[in-house]
Structure formats: C-alpha cells, structure tokens
Amino acid sequence: CCRIHLLAGRVPQGADRAAVAGEMEATFIENLRHAADLLAQEDMVGLVEPINSRITDPRYFLNTPQQAAAILEKVGRPNLKLQLDLFHCQIMDGNLTRNLETYFPLIGHIQIAQVPGRHEPDSPGELNFPYIFELLESLGYTGYVGCEYAPKGDTVEGLGWLRSYWESRGVQPGGTRKATE
C-alpha cells in the first residue's frame with residue numbers, strides 16, 4: 001500500500017465548530033506533519049479527504065476541498081495529497097469542473113458515487129460521469145478512481161456501468177481499443 005487516508009477527526013459532541021476550529025486545525029496540521037515524515041521514510045503518500053458535513057457526518061472536521069487545500073499548504077509536505085470524493089464535493093460545494101481544475105495539482109486519489117443516492121455512476125442522479133471521466137483524462141489524471149458507493153444489487157451487477165462506459169469509449173474487455181473504421 002503506497003497511499004493511506006489520514007483522518008481529520010470529528011468536532012467533539014456538543015462543541016461549537018467555529019469555537020474549536022482553530023485548535024482542531026492546529027492539531028491536525030501537527031499530526032499531518034508527523035505522519036508525512038513517517039510516511040516519507042516508507043515512500044508513501046498520505047491522503048486527506050473532505051467528507052460532507054451535511055449528510056454523511058455532521059461532526060467531521062474536514063469538509064471542503066478549499067479547507068483541505070489550505071491545510072495542505074500550511075503542512076507543506078510533498079507526500080500529502082487530496083483524496084477528492086466527488087460525492088462529498090458535490091454535496092458541499094458542487095462546481096465539480098472548477099474544483100477538479102483548481103485542486104488538480106493536489107489530488108492524489110479520486111472517489112466516486114452518484115448523488116444523492118450514493119449508488120453506481122449510471123444510476124439516476126446529479127453527476128454526469130462520462131463528462132467527469134473525460135475531464136479527468138483531459139487534465140492528465142492517471143491515478144485510480146475508487147468506487148465508494150452502495151451497489152443497488154450485487155457487486156458484479158453493480159460494476160456493469162463500467163463495461164458499458166468502456167464500450168462507449170471503444171475499449172474492449174482486457175483494455176484494448178477496438179479498431180476504428
């Protein structure tokens with residue numbers, strides 16, 4: 001494993017987010033610097049993931065890509081990157097095209113799920129995944145895209161969207177491109 005998600009923690013139960021934000025950020029930055037130094041010894045990358053506080057976890061401290069980018073800048077370690085989950089990003093901020101373009105240099109991993117149901121990319125919802133995949137490709141993204149969704153059926157059935165997507169792009173099973181006419 002060459003990448004690991006470094007959790008930001010949760011606002012204490014009953015605490016006012018704004019009142020504890022400064023202390024929580026300072027602790028998170030200190031912990032990230034320590035973790036980054038340890039990870040560097042193993043040639044590993046630490047990932048920070050903003051998780052939406054509107055639906056998934058109202059108490060999670062890190063909840064927007066803007067906040068994550070500011071913290072990564074303050075930490076100043078090249079082996080710390082942004083884990084951008086498009087489900088969370090859409091819920092908190094929308095504007096996925098600009099967020100992907102803006103934060104692309106910081107991105108170390110992408111995760112996907114359809115909004116609002118957190119199901120397969122081809123399920124009904126707000127996100128246009130063929131567009132998003134083409135955007136990632138045009139930006140030069142070469143990393144993995146993690147599927148962090150709840151399949152409506154079994155796992156294999158839930159991955160059917162991927163075969164359809166590959167076929168729409170002219171890719172055969174096994175990763176080869178179909179000959180063009």
Side-chain angles (χ1 to χ4, degrees), residues 1-11 13 39 44-69 80-104 106-181:
C1 175
C2 61
R3 294 172 189 253
I4 187 167
H5 178 192
L6 304 170
L7 296 166
R10 301 172 84 205
V11 174
Q13 186 78 37
L39 293 172
M44 292 178 68
V45 172
L47 300 167
V48 297
E49 178 187 13
I51 296 175
N52 82 78
S53 58
R54 292 191 174 135
I55 298 169
T56 304
D57 190 345
R59 292 179 37 225
Y60 196 72
F61 174 67
L62 186 65
N63 56 31
T64 67
Q66 296 83 1
Q67 181 189 18
L80 293 182
K81 298 285 182 182
L82 175 61
Q83 178 171 309
L84 191 63
D85 186 318
L86 299 184
F87 174 83
H88 297 304
C89 190
Q90 174 69 5
I91 289 170
M92 291 303 291
D93 193 50
N95 201 18
L96 293 182
T97 298
R98 294 297 169 251
N99 278 319
L100 284 166
E101 291 170 344
T102 300
Y103 300 111
F104 186 75
L106 298 175
I107 294 174
H109 183 65
I110 298 280
Q111 290 178 184
I112 61 168
Q114 186 56 274
V115 177
R118 202 167 190 160
H119 297 299
E120 293 87 346
D122 65 346
S123 62
E126 299 174 13
L127 303 183
N128 178 348
F129 281 100
Y131 170 81
I132 290 169
F133 295 149
E134 288 178 24
L135 175 62
L136 288 170
E137 194 173 308
S138 75
L139 291 170
Y141 184 70
T142 58
Y144 291 104
V145 174
C147 297
E148 190 178 50
Y149 57 79
K152 288 184 175 185
D154 68 31
T155 300
V156 173
E157 182 182 312
L159 290 170
W161 68 270
L162 186 55
R163 179 177 298 276
S164 297
Y165 175 75
W166 281 338
E167 288 172 356
S168 76
R169 299 292 308 258
V171 178
Q172 298 174 344
T176 59
R177 290 220 177 253
K178 294 179 184 175
T180 56
E181 300 175 284

- request: Go through Tyr141 and Leu135 one step at a time and tell me if the side chain to side chain contact (heavy atoms under 4.5 Å, CB included) criterion holds.
  value: CA-CA 9 Å; Tyr141 184 70; Leu135 175 62; over 6 Å; no
4.5 Å side-chain heavy-atom contact, [X] and [Y]:
X: Pro65; Y: Thr102; value: no
X: Leu84; Y: Leu100; value: yes
X: Lys81; Y: Ile107; value: no
X: Tyr144; Y: Ile110; value: no
X: Ser53; Y: Arg59; value: no
X: Leu80; Y: Val45; value: no
X: Val115; Y: Ile91; value: yes
X: Cys89; Y: Leu96; value: yes

Exercise: identify the closest heavy-atom pair between [X] and [Y]:
X: Pro130; Y: Asn128; value: CD-OD1, 3.3 Å
X: Ile112; Y: Tyr149; value: O-CD2, 4.0 Å
X: Pro116; Y: Gly125; value: CD-CA, 4.3 Å
X: Glu157; Y: Gly153; value: OE2-CA, 4.0 Å
X: Leu82; Y: Ala68; value: CD1-CB, 3.7 Å
X: Leu127; Y: Ala113; value: CD1-O, 3.6 Å

query: So among Arg118, Met92, Gln111, which one has a side chain to side chain contact (heavy atoms under 4.5 Å, CB included) with Phe87?
result: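 Looking at Arg118, Met92, Gln111, the match for Phe87 under the side chain to side chain contact (heavy atoms under 4.5 Å, CB included) is Arg118.
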Aromatic plane relationship, Trp161 with Phe133 - under 30° parallel, 30 to 60° tilted, over 60° perpendicular: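 Parallel, since the angle between the ring planes stays under 30°.
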Side-chain donor-acceptor pair under 3.5 Å between [X] and [Y], yes or no?
X: Asn63; Y: Asn52; result: no
X: Glu126; Y: Gln90; result: yes
X: Tyr131; Y: Thr97; result: yes

- prompt: Do side-chain atoms of His5 reach the backbone of Leu47 as a donor and acceptor pair under 3.5 angstrom?
  reply: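 No.
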field: His109 backbone acceptor or donor facing Arg3 side chain under 3.5 Å
entry: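 Such a contact is absent between Arg3 side chain and His109 backbone.
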- prompt: Distance from Asp85 atom CG to Gln83 atom CD, nearest 0.5 Å?
  reply: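 The CG atom of Asp85 sits 7.5 Å away from the CD atom of Gln83.
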message: Does Glu137 form a salt bridge (Lys or Arg N to Asp or Glu O under 4.0 Å) with Arg169? I'd like the steps, not just the answer.
response: CA-CA 12 Å; Glu137 194 173 308; Arg169 299 292 308 258; 3.3 Å; yes
field: Result of checking His88, Arg98, Gln66 against Asp93 for side-chain hydrogen bond (donor to acceptor under 3.5 Å, both in side chains)
entry: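 Testing Asp93 for a side-chain hydrogen bond (donor to acceptor under 3.5 Å, both in side chains) against His88, Arg98, Gln66 leaves exactly one candidate, Gln66.
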